[in-house]
Amino acid sequence: MTAVDTAVNTPLGGPNLPQERRLVTSIPGPRSQQLLARKAAAVASGVGHTAPIEAVAAGGGVVVDADGNSLIDLGSGIAVTSVGNAHPKVVEAVQAQVAQFTHTCFMISPYESYVAVAEALNRITPGAHAKKSALFNSGAEAVENAVKIARKFTGKQAVVAFDHGYHGRTNLTMALTAKSMPYKSGFGPFASEVYRAPLSYPFRDGLSGPDAAARAISIIEKQVGADNLAAVIIEPIQGEGGFIVPADGFLNAIVGWCRANDVVFIADEIQTGFARTGAMFASERFGIEPDLITTAKGIAGGLPLAAVTGRAEIMDATHTGGLGGTYGGNPVACAAAIASIDAYESEGLAARADEIGEVLKARLTELQASDPRIGDVRGLGAMIAAEFVDPESGAPDAALTAAVAKACIAEGVIVLTCGTYGNVIRFLPPLTIGDDLLNEALDVVASALAAA
Ligand SMILES: *Cc1c(COP(=O)(O)O)cnc(C)c1O
């Protein structure tokens, strides 16, 4: 019954939605409460949610709920709708494709859009070397396949991941992920031949990039050995781990060591990719050319798609039939990806990410100057975070972080937390958000912090 009512009152999503914060009920309003009650009864409780609303439309920089509230979106569904929700080019491409055919299975009857996405990824990922790509459904699946490919190419088995790393929720990617709660706790045993090295975390370790790299490399050499190591996988900026930007020279030294030791360097750019950091890929901002890159999240304007892209000789090491999947590179998702990549390039969204980052950094740094509970403000482009601490001891303050995030959502601003210690608020607005809306959201964050 609510479905009919809602449909009548629901605005169309996309950039023409009124770009405003508008609260007409408290959050959650009555309709949202009804949905959350149904969710509690019908959906497994392991599936949580951040904002207690029933979303009915989104676009530009807002999410509208079933009660008519319009919330400012500083999360983009975890860096997915970077081109803006219901982007007109994405909507048009999806509608055209869905009316043509919805699936053939690329491994049964190939189609053009899959090849076009592979060509685009080969072109826009860092490095002028010959590249190839393969498409999958989710970020975790891309990471799984990057490891399969690296093992086949090198004939070696071990994989090194880093402290604070996040790579997904499947068995191998849980093993690669650092944080136990909530991602791994009780879900073992995990895949074998996965080892962990220390990261560069300038705010907490004070090490230079080369020193942090030397520390990691020494542990890798002593505890794993290059002769056994197929791949090193790292996010250029840790996402779930706390938006940790490594010190200058750290990534370059790790890449250099991998090259010298026949180890495949995999950059997991699933969160950092697609204009988010002010470049099409974060690797560019650090001057590195990964052997393999995993992508997902921002790739297709919200449709499920993921990819592994990399050096042709590595990508081609696998026997025919060794890679694939029923849905990987679904034609509707591929149509959305082509439209999204076009939007990133033709709308100058990487440059826009830098402008958004300037606003975020300036406002948060200003707040930090008068509030020592903000220990660190960091990030690149429109991937910015504030780390909250006890001003006396520098200890992480997860309770304050949770209170600020909750207060922001109650006031109509969707913010996400992250960090190994749960003490980081991350800002990942759609790159289509306007400055006015962004500044209004930051006013709300400032009041929430003052009140906490
Ligand atoms: C989200 C994420 C993944 C997992 O992607 P899913 O699509 O959720 O499987 C892997 N790596 C990084 C860096 C991520 O941010």
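Fair warning: this is a prediction, and the values are worked out from it, not measured in the lab. For ligands, and for the atoms within them, numbers begin at 1 and follow the listed sequence. Residue numbers count from 1 along this sequence.
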So Asn330 and Tyr114, do their side chains get closer than 4.5 Å, heavy atoms only?
no

Considering residues at least two apart in sequence or located in another chain, which fulfil the side-chain contact (heavy atoms from CB on, under 4.5 Å) criterion with Val389?
Phe203, Arg204, Glu387, Asn423

Identify which one of His87, Lys89, Glu347 satisfies the side-chain contact (heavy atoms from CB on, under 4.5 Å) criterion when paired with Asp342.
Lys89

Residues forming a side-chain contact (heavy atoms from CB on, under 4.5 Å) with Glu221, sequence neighbours excluded:
Ile217, Trp257

Report all N/O contacts between ligand 1 and the protein shorter than 3.5 Å as a table of atom names and distances to 0.1 Å; if there are none, say 'none'.
{"residue": "ligand 1", "atom": "7 (O)", "partner": "Gly139", "partner atom": "N", "Å": "2.8"}
{"residue": "ligand 1", "atom": "9 (O)", "partner": "Gly139", "partner atom": "N", "Å": "3.3"}
{"residue": "ligand 1", "atom": "9 (O)", "partner": "Ala140", "partner atom": "N", "Å": "2.8"}
{"residue": "ligand 1", "atom": "11 (N)", "partner": "Tyr166", "partner atom": "O", "Å": "3.4"}
{"residue": "ligand 1", "atom": "11 (N)", "partner": "Asp268", "partner atom": "OD1", "Å": "3.4"}
{"residue": "ligand 1", "atom": "11 (N)", "partner": "Asp268", "partner atom": "OD2", "Å": "2.7"}
{"residue": "ligand 1", "atom": "15 (O)", "partner": "Gln271", "partner atom": "NE2", "Å": "2.9"}
{"residue": "ligand 1", "atom": "15 (O)", "partner": "Lys297", "partner atom": "NZ", "Å": "2.7"}

Could you tell me whether Glu345 atom CD has more than 12 heavy atoms of other residues or ligands within 6.0 Å of it?
yes

Only counting residues at least two apart or in another chain, list the ones meeting side-chain contact (heavy atoms from CB on, under 4.5 Å) with Arg215.
Pro198, Asp205, Leu207

